[in-house]
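Down below is the structure, laid out as structure tokens.
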Protein chains: 2
Amino acid sequence: MAAYKSDIEIAQENEALPILRIAESLGLNEDQLEQYGKYKAKLDIHALVDKPAKGKLVLVTAITPTPAGEGKTTTSVGLSDALSRIGKKTVLALREPSLGPVFGIKGGAAGGGYAQVVPMEDINLHFTGDFHAIGAANNLLAALLDNHIQQGNALGIDSKTITWKRVVDMNDRQLRHIIDGLGGRMQGVPREDGFDITVASEVMAVFCLASDLMDLKERLGRMVVAQTFDGKPVTAHDLKAEGAMAALLKDAIKPNLVQTLEHTPALVHGGPFANIAHGCNSVLATATALKLGDYVVTEAGFGADLGAEKFCDITSRYAGFKPDACVVVATVRALKMHGGLPKNDLQHEDLEALKRGMPNLLQHVRNMQDIYGLPVVVAINAFPTDTKEELDLVEASCRELGVNVALSEVWAKGSEGGVALAEEVVRLCEEGNAQFRYGYELEGGIKDKLNAIATKVYHADGVELTAAANKQLKRLEEQGFGNLPICMAKTQYSFSDNAKLLGAPTGFTITVRNLKVSAGAGFIVALTGDIMTMPGLPKAPAAQNIDVTADGKITGLF
Amino acid sequence: MAAYKSDIEIAQENEALPILRIAESLGLNEDQLEQYGKYKAKLDIHALVDKPAKGKLVLVTAITPTPAGEGKTTTSVGLSDALSRIGKKTVLALREPSLGPVFGIKGGAAGGGYAQVVPMEDINLHFTGDFHAIGAANNLLAALLDNHIQQGNALGIDSKTITWKRVVDMNDRQLRHIIDGLGGRMQGVPREDGFDITVASEVMAVFCLASDLMDLKERLGRMVVAQTFDGKPVTAHDLKAEGAMAALLKDAIKPNLVQTLEHTPALVHGGPFANIAHGCNSVLATATALKLGDYVVTEAGFGADLGAEKFCDITSRYAGFKPDACVVVATVRALKMHGGLPKNDLQHEDLEALKRGMPNLLQHVRNMQDIYGLPVVVAINAFPTDTKEELDLVEASCRELGVNVALSEVWAKGSEGGVALAEEVVRLCEEGNAQFRYGYELEGGIKDKLNAIATKVYHADGVELTAAANKQLKRLEEQGFGNLPICMAKTQYSFSDNAKLLGAPTGFTITVRNLKVSAGAGFIVALTGDIMTMPGLPKAPAAQNIDVTADGKITGLF
């Protein structure tokens with residue numbers, strides 16, 4: 001293989017346009033944005049309030065992730081550039097990266113190869129400060145809560161029931177389980193506690209679902225942080241916290257405008273977890289993109305069972321989005337892993353393994369078609385080791401579902417490598433056959449909704465609740481939370497709740513171990529196992545390779 | 001008293017100029033700055049590297065602080081505006097506020113009344129993100145340190161010797177003393193730990209003393225975080241942390257340009273504690289201001305015994321600054337408190353109390369004259385309750401030292417209220433009588449330098465070291481740190497180390513309880529008592545009054 005350029009080398013060689021030029025291409029003038037340096041800006045959402053949405057909405061999702069990687073963000077970026085290339089006014093809407101993976105094992109998250117958003121270093125490091133603002137708002141609430149107890153506890157908060165954790169945008173396992181408030185009477189109240197990574201904060205979920213600053217403030221006020229000694233929920237509003245929290249977020253809430261390597265406008269904004277939260281960029285970014293572009297490409301985290309399900313059932317329900325088409329990203333390598341091949345054997349053709357893995361892709365495709373009523377195209381993110389026979393096999397299987405396959409070579413070729421995919425997306429949108437619908441209705445009990453997701457989306461036999469979860473279910477319904485949508489916190493590595501069951505497993509049930517309301521975000525989180533909300537650093541952290549030159553150029557960031 | 005407008009009301013009624021206009025007034029073009037919205041920008045320091053310093057440097061300091069307040073920042077802002085008003089090209093250099101006091105008891109820190117820097121809400125809330133960047137760099141080092149131990153501890157770090165704490169920009173007493181790393185083998189190594197507020201981080205001190213990005217990186221690498229089992233210091237460089245830390249700070253290191261209410265350019269950048277650190281804005285901001293303005297006004301934290309001493313002995317030594325004049329700010333009210341009056345009795349004339357309090361002011365003035373060789377003017381920050389007789393008394397006493405007193409009414413009147421002060425400052429600078437020198441030389445042992453500060457600046461009989469401090473002294477000198485300047489961590493409320501000794505006490509000794517090297521910052525911190533590095537929130541936190549309107553306007557921030 002030739003010596004490939006690294007992502008950061010490609011990004012740094014690129015000549016970006018001044019962000020004002022990108023804004024002008026969207027019909028925005030200088031007064032409608034706030035520049036953050038020459039290549040980043042925040043959009044004035046007030047200026048756009050009355051502008052109607054006009055764009056077609058394209059949802060990019062994927063097969064069940066494997067260690068072989070599927071390249072969803074790269075495909076989203078490349079598709080946007082390809083749509084621009086064939087003459088469509090396109091806006092990309094993506095999540096912001098967290099510093100955790102940047103310094104940990106995964107590296108940056110702004111696409112790859114010749115399909116990236118830039119400036120990639122800035123987007124990966126602080127960007128416009130949104131995540132720090134979210135962390136500060138989260139931690140202010142925590143400080144006000146503990147201070148309330150320390151200063152006399154007028155609300156009668158039972159410190160053993162506190163569920164509100166502090167956050168930091170860092171992979172830091174040392175903070176997972178702590179005891180704080182030690183040191184004597186004047187130093188707080190000793191209790192078990194712990195930190196999450198910022199993207200796991202409910203503030204992040206609220207931030208990404210809020211329709212404007214006042215909706216944000218109201219949602220923040222509704223967040224439940226603990227219980228009183230007599231079992232009543234304590235909210236951020238009870239602690240008079242939501243005003244200052246919203247003040248901390250007044251700039252962060254404005255969507256960030258950047259560009260792809262080929263100058264397609266991109267709104268990169270917000271980034272909640274796709275397990276304990278809903279895993280999409282902010283509603284405001286997507287809604288703004290729909291006002292500015294004829295085509296809007298957005299992405300949902302993890303596989304379609306988690307990300308796309310939540311995009312349809314949570315995000316679109318709250319925001320009133322109606323996707324027009326769906327792209328399911330897969331790689332031949334990952335499908336062979338779903339067919340049982342180990343990671344080290346993927347470079348050779350193996351049609352049998354591929355055939356065994358195909359049901360994973362086909363089940364995701366059928367779900368998007370049958371449950372959510374969306375026309376689908378499969379994007380195969382090309383690798384040099386893919387053979388023609390393997391690609392033909394994928395194509396033939398998909399055709400049986402009436403779905404076309406487009407080979408995507410955007411990583412290596414940029415927009416040129418995404419034209420086939422873009423043309424198929426345009427065809428699907430122009431045919432207008434989408435009949436978007438939700439996977440379940442809000443009426444009915446929590447159990448009904450859990451069952452609907454488990455049987456329809458995961459193809460499980462049903463859902464079981466532990467005794468603890470059953471008790472929580474009863475309480476949540478009594479408290480009036482029964483009509484909220486469900487946010488499933490499930491492993492991303494399987495349709496089931498067992499990370500080892502690859503492909504399209506059957507004959508399993510989903511066990512819900514814990515139910516918790518995120519009252520500000522407006523959903524009930526159903527935990528089906530241990531979900532890591534504070535990652536750790538690996539033995540050789542990526543941070544140790546990152547450096548900066550005298551003139552501020554970043555190196556070693558991947 | 002008439003109904004005064006609040007600081008935020010005055011600031012929000014003000015019509016700021018676009019920051020590009022402010023930059024133009026300094027001879028800077030659009031390519032030499034990065035805008036952060038319309039009213040904030042970061043300056044490209046590379047563009048200015050070869051420009052010579054040309055400005056006169058005016059250091060604003062104050063008497064020993066009392067609860068009556070002295071108004072040092074307000075005076076600095078008003079003096080800058082008054083210098084502009086009388087035709088001098090002036091640049092102000094100030095510290096950035098921390099979120100801690102904003103949400104706690106003190107409120108904002110961008111001046112007051114008609115002498116403020118704007119946009120005051122933004123400056124008080126996140127600003128351009130510098131403090132969050134500093135916090136992230138600090139916490140990345142902490143995560144790398146604990147991860148190193150967890151992953152096998154190749155360096156042989158003794159976790160009981162870790163001195164590196166995590167930080168958050170928040171008043172949060174619950175985090176002062178914690179045990180982290182709990183939860184089992186895979187969750188870190190259990191140990192006693194704690195958080196500081198961000199401004200107390202050595203990263204902040206390093207950030208404010210660094211001459212450029214490479215100097216910053218080298219200083220970060222030198223920081224000591226723990227000891228090995230065989231007693232050797234472990235540095236950030238040993239953990240390969242400084243590259244990524246500097247990468248996180250690549251934008252933060254650029255000074256922030258804003259403006260006063262009257263459009264004087266202000267560089268607001270950095271903000272280390274004035275006890276465990278040196279308490280001045282960044283060297284880069286002051287150095288840049290000296291290249292751009294004919295007059296540069298900067299401020300040092302707390303009273304002159306702490307802030308001005310460190311500005312002269314640490315900051316100026318590292319940066320090569322030579323102050324031309326010194327303003328010592330006082331209020332009649334505060335001087336009466338130094339004369340023994342309680343806070344509630346300050347509104348009535350009391351010449352006896354004032355006379356008893358004067359020695360505090362006079363001793364600070366003499367110190368700046370005799371030790372540091374600077375011409376001094378006393379600025380009396382006017383209050384409506386001050387009487388003519390009181391002001392005459394202050395003036396007469398100061399005249400005995402050859403020092404003029406200027407009444408400063410900038411809080412109520414803006415620049416117009418500061419003309420007398422500005423004219424005296426100009427007179428002192430133009431006379432050119434400054435003979436700036438340091439308070440001690442670096443050669444000689446740590447004890448000599450401690451004694452010099454204690455006897456010359458504090459007028460103590462001498463310094464005593466506890467047995468522990470003596471042991472630390474020996475070790476630090478053995479490790480080669482004996483020639484560093486000293487950073488005294490002493491109460492700001494007295495010349496002595498006893499906060500209750502007001503005025504100008506004599507017959508006391510200073511007890512040094514702990515000596516610790518800040519090897520990156522380049523000083524030895526001498527602790528003379530308990531210094532709070534993580535404040536708590538009061539019973540009624542200011543955060544509970546802060547709010548934001550639908551169009552993003554902040555209210556309730558003082």
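Sequence lines set the chain letters: A, B, ... in the order given, protein chains first and strands last, and positions in each chain run from 1.
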Closest heavy-atom pair and its distance - [X], [Y]:
X      : Y      : value
A:A550 : B:H46  : O-CE1, 3.1 Å
A:A543 : B:A244 : O-CB, 3.3 Å
B:R166 : A:D172 : NE-OD2, 2.6 Å
A:G552 : B:L213 : CA-CD2, 3.7 Å

Give every donor-acceptor pair under 3.5 Å between a side-chain atom in residues 128-142 of chain A and any protein atom, sequence neighbours left out.
residue: A:T128; atom: OG1; partner: A:D130; partner atom: OD1; Å: 3.3
residue: A:T128; atom: OG1; partner: A:N256; partner atom: OD1; Å: 2.7
residue: A:D130; atom: OD1; partner: A:K42; partner atom: NZ; Å: 2.8
residue: A:D130; atom: OD2; partner: A:K42; partner atom: NZ; Å: 3.3
residue: A:D130; atom: OD2; partner: A:N256; partner atom: ND2; Å: 2.7
residue: A:H132; atom: NE2; partner: A:H126; partner atom: ND1; Å: 2.8
residue: A:N138; atom: OD1; partner: A:S201; partner atom: OG; Å: 2.8
residue: A:N138; atom: ND2; partner: A:K165; partner atom: O; Å: 2.9
residue: A:N139; atom: OD1; partner: A:V167; partner atom: N; Å: 2.9
residue: A:N139; atom: ND2; partner: A:G135; partner atom: O; Å: 3.4
residue: A:N139; atom: ND2; partner: A:V167; partner atom: O; Å: 3.0

In terms of heavy-atom contacts, does CG of A:N29 have more than 12 from other residues, nucleotides or ligands at under 6.0 Å? yes
Got a sec: does the CG of A:D551 have more than 12 other heavy atoms crowding it under 6.0 Å?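 Yes, CG of A:D551 has more than 12 neighbouring heavy atoms, counting only those of other groups under 6.0 Å.
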Return yes if some donor-acceptor pair links the side-chain N/O of B:Q151 with the main-chain N/O of A:L537 below 3.5 Å, else return no.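 The answer is yes, because a donor-acceptor pair under 3.5 Å joins these two groups.
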Measure from the side-chain N and O atoms of A:Q187 to the backbone N and O of B:R173, and report whether any donor-acceptor pair falls under 3.5 Å.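 Not confirmed, A:Q187 side chain does not pair with B:R173 backbone.
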Report the option among [options] that has the most heavy-atom pairs separated by less than 4.5 Å from atoms of chain B.
options                        : answer
A:K254, A:H177, A:E242         : A:H177
A:L99, A:L144, A:D251, A:D169  : A:L144
A:H148, A:R176, A:K40          : A:R176
A:G194, A:A247, A:G183, A:G188 : A:A247

Which residues in residues 32-39 of chain B have a heavy atom less than 4.5 Å from any heavy atom of chain A?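 Residues of residues 32-39 of chain B touching chain A at under 4.5 Å: B:L33, B:E34, B:Q35, B:Y36, B:G37, B:K38.
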Quick check on the interface: out of [options], who has the most heavy-atom pairs with chain A under 4.5 Å?
options                : result
B:P541, B:G556, B:P538 : B:P538
B:L216, B:D31, B:D44   : B:D31
B:D180, B:L175, B:I178 : B:D180
B:I45, B:I253, B:T549  : B:T549
B:Q174, B:M245, B:E30  : B:Q174

Heavy-atom cut-off 4.5 Å, strictly under: side chain, backbone, both or neither for [X] against chain B?
X      : answer
A:I149 : neither
A:A241 : neither
A:K217 : side chain
A:M186 : backbone

B:T163: partners by side chain to side chain donor-acceptor pair (under 3.5 Å), with sequence neighbours left out: none
To the nearest 0.5 Å, tell me how far [X] [atom1] sits from [Y] [atom2].
X      : Y      : atom1 : atom2 : value
A:N147 : B:N171 : CG    : CG    : 9.0 Å
B:L249 : A:L125 : CG    : CG    : 10.5 Å
B:N545 : A:K240 : CG    : NZ    : 8.0 Å

Which residues share a salt bridge (Lys or Arg N to Asp or Glu O under 4.0 Å) with B:R191, sequence neighbours left out: B:D146, B:D193
Counting only heavy atoms closer than 4.5 Å, note whether B:Q150 contacts chain A via side chain, backbone, both or neither.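 Only the side chain of B:Q150 comes within 4.5 Å of chain A.
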B:D122 bridged to A:K250 by N-O distance under 4.0 Å: yes
